[in-house]
Novice: 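Structure provided below as structure tokens; questions to follow.
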Amino acid sequence: MVEHRFRLLLSIGLAGLLGGCATSQPARLSIRNVGGAPLASADESAIERGKMFLARGQLADAISAFRTALRQEQDSAEAHNGLAIAYERIGRKDLARRYFELAYAEKPHVERYRSNLARHFGSNGQPDLALGLAAAPATTALIDKLEESVALLTPESVVTLVATEALPTELMDSQIQTILADFSSQRFTAEDMYSDIEDEDKPLVALPMTQGAKTEFAVYRPNVATAIEAMPINIPSGPAPHRDPIDGNIDFIADLPRNDRRASISNGPYIERVSLGEVKLITAPQPKTVAPPTEFRLSDHQIAQWIEDERRRELYQNHNGLHGRLAIQRVIERLAIEEATNTAALLAKLVDQMDQDFVYIAFDDIPESTEA
Amino acid sequence: MKPLLRRSIVGAALFLGAIGSPVMAQTSDASDTDWRFLLSEAELATSVGRYVQADAMLDTLEVSKTPENLGALAIARAELFMATGDVAGATSALGKAGPDAGSPCRRSKLSGWIAGKGEAWNKAILMLSLAIETCSEDASIWNLLGLALIAKQEHVASLEAFDSALILEPRNPALRSNRAMALVAAGKFEAAFYDLREALAIQPDSAIIQGNVDYLSGMLGISLMRKRTDSDTIWGQRLAKAGEGARNGARTDEATALFANATLLQDRFDPRIWSLGSPTEEKKAE
């Protein structure tokens, strides 16, 4: 009986619950913009939306918009540039660098992308990476000089700009190659030269040339690849290597850290050891005073620099290939013989396999494929 | 400033060469010049370390390549692979370049580097010396030759190579560090330590050079100095490096102490340092 009443109450309760659900509004799934920013109209390009979000400081939306633009146009320099700016603002320097580089790679003639990339490296303490990006002032100066030189051209002239004052002597090294460019008969005025500056996609200047003139431009071939990397010293375990006797009196160094054990927070108070029994608490570090350079110091530095430069120049004059590098030359001679012997042994083995009585071996003509 | 200025001017010259006149821009010469300009920019990016830019530019050039400039593109690609340490890529690209592409110097340098990565030291040394014969002003070739000579245990010759490189780039910290490695291999520890301190003074934030200094300090029994910027983890790693040096310098007790300190400072237990610091084998040997 009790069980029956319980079932009845349970049924009524469930019915009530279900009835309550039935009277509420039907469930609806909706996604809405919670950031408060109005959604751009459909006809607005993704890049424009990205720029708008960037201007408002809505960086996540800007990144999303620029990414959409990249899906529409894979090689959009503008989208890459926008992405880079957004990433830089949120502190993702690695991604910012990547997209700045891509933007510049796609349109290397556009001043804005070049300067953005240069600025990025400058602000991140990587000026070495900005090499070759600060072109604007030099370009202007060069154009001025070219203008002067071009004014002197005659229709028959064959001009080597490298050999004149138009280009500095810094270009005169063995890495210079030259290309010849034949120019058309049309002569342009100075105004024409700068007519395309505003158009990002077109060349900045057109070089004025006289009829039939040929101009030889220097093409610099940079030292390519392998920035020199430091290699970690790693001596394989084994017998102790031979050592110079410079460390005989130094015995045990188990208490290494006591020399300079300071707080890791650089600006906070820290303890500095004065002697074995004394320490002092530094609460407000005194800024280091830098003595202004005196005339003497300056000239001393200049003299030292001059001596170093002269010494380097002198050494460089004798620096011609392997000439004078006796140890290297000896090694190379030995290795060349070793390699030739190996090759000869290999050939002899091949000859044996071929079961021939005679073979003529000329080392100079050994093809690459027979080695190793 | 000078190289910067030079490259800037060269960039401008190339650019001017590239653009020519509007009439010229319609000819094949113009596109060829433009192609060369882009290639030069890509090569510059590779040499400086802007690899993303270099890769993207080379991809662009790939689209408009012709049979005449196929080799130049392949060499540039191989050099990018070399800069990023991709041996397989560099080998493949160099294979596509053909025997006449690029300068002999660049080809020899690439071949030497590839051979060195494959530990074919004889070939590496011969190829790199060939490259030096044609472009001896490239310090990076001397550096590669020096490293190959160290591997071949030709210590005097390797020092000669690094000295030659340092004549060209006296303020290059990596070169100084690598020469220190040659000095260590030759048993001249004091000179090596001096070189490494010089290198560290030029580039204080280099972890590899710092590691080398610590290694040699441990080997020579010179106490380390903790920098204010060193966190416990970094300091622990430095102590471990010094421990490795002490171990290789047959300073077993010091090595044990250094490894013990390093173990205590690590955020997480490091079994490698622990095993290095356990002197069981050495004690047994003693």
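Naming convention: chains lettered A, B, ... in sequence-line order (proteins, then strands); numbering from 1 in each chain.
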Novice: Regarding Tyr215(B) and Asn248(B), is there a side-chain donor-to-acceptor distance under 3.5 Å anywhere?
Specialist: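 There is such a pair (donor and acceptor under 3.5 Å, judged by atom type) between the side chains of Tyr215(B) and Asn248(B).
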Novice: Can Arg251(B) and Met219(B) be said to form a side chain to side chain contact (heavy atoms under 4.5 Å, CB included), step by step?
Specialist: CA-CA 7 Å; Arg251(B) 297 171 177 277; Met219(B) 189 178 243; 6.0 Å; no
Novice: With sequence neighbours left out, write down each residue that passes side chain to side chain donor-acceptor pair (under 3.5 Å) with Arg238(B), or none if nothing qualifies.
Specialist: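 Arg238(B) satisfies side chain to side chain donor-acceptor pair (under 3.5 Å) with Asp214(B), Asp230(B) only.
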Novice: What pairs of residues pass the salt bridge (charged side-chain N to carboxylate O under 4.0 Å, His left out) test when at least one of them lies in residues 46-60 of chain B, not counting sequence neighbours?
Specialist: Asp55(B)-Arg77(B), Asp59(B)-Arg77(B)
Novice: Decide whether Ser111(B) and Lys123(B) meet the rule of one side-chain donor and one side-chain acceptor closer than 3.5 Å.
Specialist: no
Novice: Against chain A, label Leu145(B) side chain, backbone, both or neither, depending on which of its atoms sit under 4.5 Å from a heavy atom there.
Specialist: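 Only the side chain of Leu145(B) comes within 4.5 Å of chain A.
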Novice: Out of Arg176(B), Lys241(B), Gln203(B), Met57(B), which one racks up the most heavy-atom pairs below 4.5 Å with chain A?
Specialist: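 The candidate making the most pairs under 4.5 Å is Met57(B).
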Novice: Select, from Glu106(A), Arg334(A), Gln126(A), the one with the greatest count of heavy-atom pairs under 4.5 Å involving chain B.
Specialist: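 Of the candidates given, the most pairs with chain B belong to Arg334(A).
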Novice: Determine the option with the most heavy-atom pairs under 4.5 angstrom with chain A, choosing from Ser177(B), Cys105(B), Ser129(B), Ala56(B).
Specialist: Ser129(B)
Novice: If I measure from the heavy atoms of chain B, does Phe121(A) come under 4.5 Å with its side chain, its backbone, both, or neither?
Specialist: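 Looking at Phe121(A), just its side chain touches chain B.
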Novice: Between Arg106(B) and Glu79(B), does the salt bridge (charged side-chain N to carboxylate O under 4.0 Å, His left out) criterion hold? Intermediate values first, please.
Specialist: CA-CA 9 Å; Arg106(B) 294 168 77 184; Glu79(B) 283 168 339; 2.8 Å; yes
Novice: Between Asn172(B) and chain A, with a heavy-atom cut-off of 4.5 Å, which part of the residue counts as in contact: side chain, backbone, both or neither?
Specialist: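 Asn172(B) touches chain A through side-chain heavy atoms alone.
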Novice: Please classify the contact of Glu154(B) with chain A as side chain, backbone, both or neither, using a heavy-atom distance under 4.5 Å.
Specialist: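 Only the side chain of Glu154(B) comes within 4.5 Å of chain A.
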Novice: Below 4.5 Å from any heavy atom of chain A, which atoms of Leu216(B) appear? Answer side chain, backbone, both or neither.
Specialist: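 For Leu216(B), neither part sits under 4.5 Å from chain A.
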Novice: So, do Phe37(B) and His109(A) have ring centers that fall under 6.0 Å from each other?
Specialist: yes
Novice: Given heavy-atom pairs under 4.5 angstrom as the criterion, report whether the side chain, backbone, both or neither of Arg330(A) touches chain B.
Specialist: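 Nothing of Arg330(A), per the 4.5 Å heavy-atom cut-off to chain B.
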Novice: Answer with side chain, backbone, both or neither: which region of Leu110(B) has an atom nearer than 4.5 Å to a non-hydrogen atom of chain A?
Specialist: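 Contact with chain A involves no heavy atom of Leu110(B) at all.
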